[in-house]
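Everything below concerns the one structure shown next.
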2 protein chains.
Amino acid sequence: MRKESDRELLDFFMVTCREHHLRVTPQRLAIYVLLSESKEHPSADGVFQSIKREFPSISYDTVNRTLLTFSKIGVVGIVEGRGEPRRFDPNMSSHHHFHCRRCGTITDFFSDDYDNLEIPRDLEEKFTVLNKRVVLEGICDTCRTKQSRL
Amino acid sequence: MRKESDRELLDFFMVTCREHHLRVTPQRLAIYVLLSESKEHPSADGVFQSIKREFPSISYDTVNRTLLTFSKIGVVGIVEGRGEPRRFDPNMSSHHHFHCRRCGTITDFFSDDYDNLEIPRDLEEKFTVLNKRVVLEGICDTCRTKQSRL
DNA sequence: TATTATATAGTAATAATTCTTATTTGTCAA
DNA sequence: TTGACAAATAAGAATTATTACTATATAATA
């Protein structure tokens, strides 16, 4: 079950790479797998730190460039942030984000209502809308309980 | 009419500053006024470049620090972005954003439907939601017409 | 297997943000 | 007013983040 979907994900990745005439190198594969297994939304540096265990000689630039390339061909996303280092998101299906103001974690959540939001008529006429996302901000449960203990 | 609301905005600014024990210095006032008059969502550097005309000796750091302070006390917002330099937003009333993928401009828009979005029940129980915003991405009209000419 | 285009590591450069410190400036109370 | 204190500023330096460059290595294709 798990294996099955992993397999599909990898296939999707490789097919998309080839469509864009990108070689599937061991580094790229490793970066993609690492990111898709990660539950967080890591920065380029975060990915770099983890991938180094597998590729001790890999450079930060390769990781960063690769992640940017991935976002260009649409196999990963770049999370909306507020000026901190860029963070990446392997989940390309429609979902939404909750940002904790205190600890900065970003939690994915799903909502059919949000997915089905209508684009305002005047906007739709004026702009081509390719993506929509609801971004909630606040305090997460972990931070909330921490605070109440103080 | 216009003057009236400008006045109110300034009062709001000064009152909020004082509530947070922040002095209303000429620099702060100028930065705030500049930002609220700006139709864009400028970066710290953008504000710095403009404000220099009024305060030739002001430092970039002062501008940047001031803007961050403003966002902390809630008189300006920080716009959600994707890794580019941080950008600021003087509009603190509920509104939403359209980001153009090509030219990067951010357009404010308003929608009662979006303002009234319900927070999913499970999220509301788990997290304290302080802010919600719908972020649309796509191609703006200017870029669209540019492209079709090619 | 040879060819060729692309990717990589390593290094350097640039850009963005934050920190440090000495000085200046407001604010408040007498 | 004036003096004392707290806070803000400017200037420069340091940190961090991102991107560019180049020689070498590698994968895909014929």
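Naming convention: chains lettered A, B, ... in sequence-line order (proteins, then strands); numbering from 1 in each chain.
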Considering residues at least two apart in sequence or located in another chain, which fulfil the side-chain contact (heavy atoms from CB on, under 4.5 Å) criterion with [X]?
X	value
B/Thr62	B/Ile58, B/Ser59, B/Arg65, B/Thr66
B/Arg82	A/Ile78, A/Glu80, A/Arg133, B/Glu84, B/Glu137
A/Arg23	A/Thr25, A/Arg28

Does a donor on one side chain and an acceptor on the other come within less than 3.5 Å for [X] and [Y]?
X	Y	result
A/Asp108	A/His96	no
A/His97	A/Asp89	yes
A/Arg86	A/Ser43	no
A/His95	A/Asp115	no

Gap between atoms [atom1] and [atom2], on [X] and [N] respectively (whole Å):
X	N	atom1	atom2	result
A/Ile51	C/dA9	CD1	C1'	15 Å
A/Ile58	C/dA7	CD1	P	14 Å
A/Tyr60	C/dA13	OH	P	19 Å

Subject >> Side-chain heavy atoms of B/His99 within contact of B/Val79, under 4.5 Å >> reply: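 Contact flag for B/His99/B/Val79 side chains = yes.
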
**OP:** Check every nucleotide of DNA chain D for an atom under 4.0 Å from a heavy-atom of chain B, then give the first and the last such nucleotide from 5' to 3'.
**Re:**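 On DNA chain D, the outermost contacted nucleotides are D/dA6 to D/dG12.
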
**OP:** Take the C1' atoms of the five end pairs on each side of the helix from C/dT1-D/dA30 to C/dA30-D/dT1, derive the two axes, and give their angle rounded to 10 degrees.
**Re:**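 The end-segment axes of the helix from C/dT1-D/dA30 to C/dA30-D/dT1 are tilted 40° relative to each other.
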
Original post:
For the residue pair B/Glu54 and B/Ala30, what are the closest heavy atoms and their distance?
Top reply: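 Closest approach of B/Glu54 to B/Ala30: OE2-CB, 3.9 Å.
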
Other hydrophobic cluster members with [X], side-chain heavy atoms of Ile/Leu/Val/Met/Phe/Trp/Tyr under 4.5 Å, chained?
X	value
B/Val135	A/Val135
B/Tyr114	A/Phe98, A/Phe109, A/Tyr114, A/Leu117, A/Ile119, A/Leu123, A/Phe127, A/Val129, A/Val134, A/Leu136, B/Phe98, B/Phe109, B/Leu117, B/Ile119, B/Leu123, B/Phe127, B/Val129, B/Val134, B/Leu136
B/Val15	none

Subject >> Close approaches to DNA chain D from residues 71-88 of chain A, in residue order (heavy atom, under 4.0 Å) >> reply: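 Per residue number, the list reads A/Pro85, A/Arg86.
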
Original post:
Of all of residues 39-47 of chain B, which get a heavy atom below 4.0 angstrom from DNA chain D, listed by number?
Top reply: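 DNA chain D contact set from residues 39-47 of chain B: none.
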
Subject >> Separation of B/Ile31 CD1 from B/Ser36 OG (nearest 0.5 Å) >> reply: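 Going from OG on B/Ser36 over to CD1 on B/Ile31, the span is 11.5 Å.
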
Original post:
What is the per-nucleotide protein-contact pattern of nucleotides 19-30 of chain C, from the 5' end, where B denotes a base atom under 4.0 Å from a protein heavy atom, S denotes such proximity for sugar-phosphate atoms only, and - denotes neither?
Top reply: BB----BBS---

Subject >> Non-neighbouring partners of B/Phe12 that pass ring-ring contact (aromatic ring centres under 6.0 Å, His included), sequence neighbours left out >> reply: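 Partners of B/Phe12 under the ring-ring contact (aromatic ring centres under 6.0 Å, His included) test: none.
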
Subject >> Centroid-centroid distance, B/Phe13 to B/Phe70, less than 6.0 Å >> reply: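 B/Phe13 vs B/Phe70: aromatic centres under 6.0 Å.
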
